[in-house]
Amino acid sequence: MPWYAHTLDGRPPSEWEPLDRHLRLVADCAGAFGAGVLPGGSAAPFARALGLLHDAGKYAEAFQQYLSAAAQGRKTARVDHASAGAVYATERYPGGWGRLLAYAVAGHHAGLPDDGTGEAASLSLRITHSATAAAARGGFIGEIAPLLPATLPAVELPDGFAAALFVRMLFSCLTDADALSTEGFSDPETAALRGQAPDLATLAAALDRHLDAKAAKADPTEVNRIRAEVLTACRKAAERPSGVFSLAVPTGGGKTLSSLAFALAHALRHGKRRVIHVIPYLSIIEQTAREFRDTVFAGLPGAVVEHHCAYQAPEDADEEGGGPDRHKLAAENWDAPVVVTTAVQFFESLFAGRPSRCRKLHNIAGAVIVLDEAQLLPVPHLRPCLEALRELAERYGCTVLLCTATQPALAKGAPLDFGLPSITPIVAEPARLHRAMRRGRG
């Protein structure tokens, strides 16, 4: 019998999407996303395997009957199609790797499951009691199983925290690839709106022009001299290897644009994929995003995605490539060269389990993360926040820049027994800048 992944309302089965086609497309897309997660591309085989496994349960005749009924407008009982792939993952890759894959497969619609045995939705019980695994096995083995990677590479995961973030990164690759592939089949007009953003080199050139124009009009004051000094230090520091940096500059010292100059230059120098500007306050984030979008990158639609709960697209956002639909789509997975978001959105996503919150995570890997007002990290959650930043810097190819007026003690060591690895200051003797700024304003 023919196997289908998706139907089209009012259209005959000849126009439905074949299941093997969907699984191959998701595997290709997820594998491409996975190639950018870890330096060296070692996450790609994991992500590709997830793409092939995730809808394996649709090879069950019961699910095909469910699809046919839904296409005819008839409601029938839902069929669990996610647990079967989790079962096959543990069989194909016995041991820890198969178990890690099973989390992502089982949760690609409902969210990452827990692993306790006391809850009906736990991973262990879903694997043990999957009703579709046996029914779908024949079709899956005949069409897809031979395409699975024979082995998975060894990825160093020293503790449970590292393993949890790795699962979420893989989960992100799968859920974003699945959503994009499904959208491409069922809503090609929306799919065509994605992408088409300017590249980082174009944005860096636009920022340089903007900064040169500001410098040409600046009066020769002490404050403007300090701003120029900070900008020069940021551009010089951008040449340094990836890691964790700090930029302690007093208010009014040009920290926002200088940090953006560092981020773009560093990204180009070291092959980073985007800049993510993380800000604690809505008032500041709206002001920063507006300056980036409407002034620094004016005329470059799609350059900036502003992602927070209060965002509303401007009523006149009808410029080709910059309308609200494109912005909403890019906010789903942060597929934009510059993302401006809140600290709540950023950190909660790193610990989330829902597909909608995790889709973006694979696009955090390989980014320059500018953490503005770093001293405002919530003290009760300081340890998990710093551990997440450390993992991103050490394992996922990110560079982290901590921007503050007064740099907090976030490095591992006194007074913390946890924290970030060695932090490189961009500006030497920040206290000197504070004294000079006070004199300049006086």
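Here the structure is a predicted model, which is why all the values come from computation and not from measurement.
Under the 3.5 Å distance criterion, with hydrogens and angles disregarded, a donor-acceptor pair is assigned to the side chains of Ser242 and Lys272. Between the side chains of Arg99 and Ser124, a donor-acceptor pair is found at a separation under 3.5 Å. Side-chain contact check for Asp178 and His22: at least one donor-acceptor pair (N or O, by modelled atom type) lies under 3.5 Å.
A 6.0 Å sphere centred on CZ of Arg240 holds no more than 12 heavy atoms belonging to other residues, nucleotides or ligands. Residue-environment remark: CD (Glu15) exceeds the threshold of 12 foreign heavy atoms within 6.0 Å. Residue His129 qualifies as open at atom NE2: its count of foreign heavy atoms under 6.0 Å is 12 or below.
Going from atom CZ of Arg354 over to atom CZ of Phe171 covers 8.5 Å, rounded to the nearest 0.5 Å. With values rounded to the nearest 0.5 angstrom, Phe346 atom CZ is found 6.0 Å from Ile276 atom CD1. Atom CG of Leu50 and atom OG1 of Thr175 lie 10.0 Å apart (nearest 0.5 Å). Note that SG of Cys358 and CZ of Phe351 are 11.5 Å apart. Values are rounded to the nearest 0.5 Å. Rounding to the nearest 0.5 Å places CG of Leu38 at 5.5 Å from OH of Tyr396. Taking CG of Leu25 as the start and CZ of Phe185 as the end, the distance is 11.0 Å to the nearest 0.5 Å.
Aromatic ring pairs are classed by plane angle as parallel below 30°, tilted from 30° to 60° and perpendicular above 60°; the pair His108 and His81 is perpendicular. Taking the six-membered ring where tryptophan is involved, the planes of Trp97 and Phe166 are perpendicular, since the angle between them exceeds 60° and thus also 30°. Using cut-offs of 30° and 60° on the angle between ring planes, the pair Tyr66 and Phe63 is tilted.
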Test log, rule salt bridge (Lys or Arg N to Asp or Glu O under 4.0 Å), inputs Arg24 and Glu143: CA-CA 10 Å; Arg24 291 168 187 259; Glu143 290 192 350; over 6 Å; no
Intermediate values then yes/no, ring pair (Phe, Tyr, Trp, His ring centres under 6.0 Å), His307 and His277: CA-CA 10 Å; His307 190 190; His277 213 94; over 10 Å; no
Test ring pair (Phe, Tyr, Trp, His ring centres under 6.0 Å) applied to Tyr88 and Phe140, step by step: CA-CA 9 Å; Tyr88 304 154; Phe140 174 73; 4.7 Å; yes
Step-by-step side-chain contact (heavy atoms from CB on, under 4.5 Å) determination, Leu268 to Leu264: CA-CA 6 Å; Leu268 289 173; Leu264 288 174; 5.5 Å; no
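Side-chain N or O atoms of Arg194 include one that pairs as donor or acceptor with a backbone N or O of Leu329 at under 3.5 Å. Looking only at distances, a side-chain donor or acceptor of Ser68 sits under 3.5 Å from a matching main-chain atom of Gln64. Ser172 contributes no side-chain N or O that, together with a main-chain N or O of Arg168, makes up a donor-acceptor pair within less than 3.5 Å.
Look at Asp55 and Lys58 and you find a salt bridge, because one of the NZ, NE, NH1 or NH2 atoms lies within 4.0 Å of a carboxylate O, short of that distance. The existence of a salt bridge linking Lys360 and Asp176 is excluded, since no basic side-chain nitrogen approaches an acidic carboxylate oxygen closer than 4.0 Å. Remark: Arg21 engages Glu17 in a salt bridge, criterion side-chain N to carboxylate O under 4.0 Å.
For the pair Glu373 and Thr404, the minimum side-chain heavy-atom distance is 4.5 Å or more. For the pair Leu19 and Tyr4, the minimum side-chain heavy-atom distance is 4.5 Å or more. Within the 4.5 Å cutoff, the side chain of Ile285 has no heavy atoms near those of the Arg290 side chain. Within the 4.5 Å cutoff, the side chain of Thr202 has heavy atoms near those of the Asp199 side chain. Inter-residue side-chain proximity for Leu377 and Leu371 is flagged as met; some heavy-atom pair is nearer than 4.5 Å. Under the 4.5 Å side-chain criterion, counting only non-hydrogen atoms from C-beta, Ile364 is in contact with Trp334. Considering only heavy atoms from C-beta on, Leu100 comes within 4.5 Å of Leu157 through its side chain. Residues Thr182 and Asp187 are not in side-chain contact: their nearest non-hydrogen atoms beyond the backbone lie 4.5 Å or more apart.
Pairs passing the salt bridge (charged side-chain N to carboxylate O under 4.0 Å, His left out) check and including a residue from residues 76-92, sequence neighbours excluded, read Asp80-Arg126, Glu91-Arg137. Evaluation of the side-chain hydrogen bond (donor to acceptor under 3.5 Å, both in side chains) test over residues 148-157, restricted to residues two or more places apart or in two chains, returns none.
The shortest heavy-atom contact between Val344 and Arg357 is O-NH2, 4.4 Å. Of all non-hydrogen atoms in Leu174 and Ala104, the two that sit nearest each other are CD2-O, 3.7 Å.
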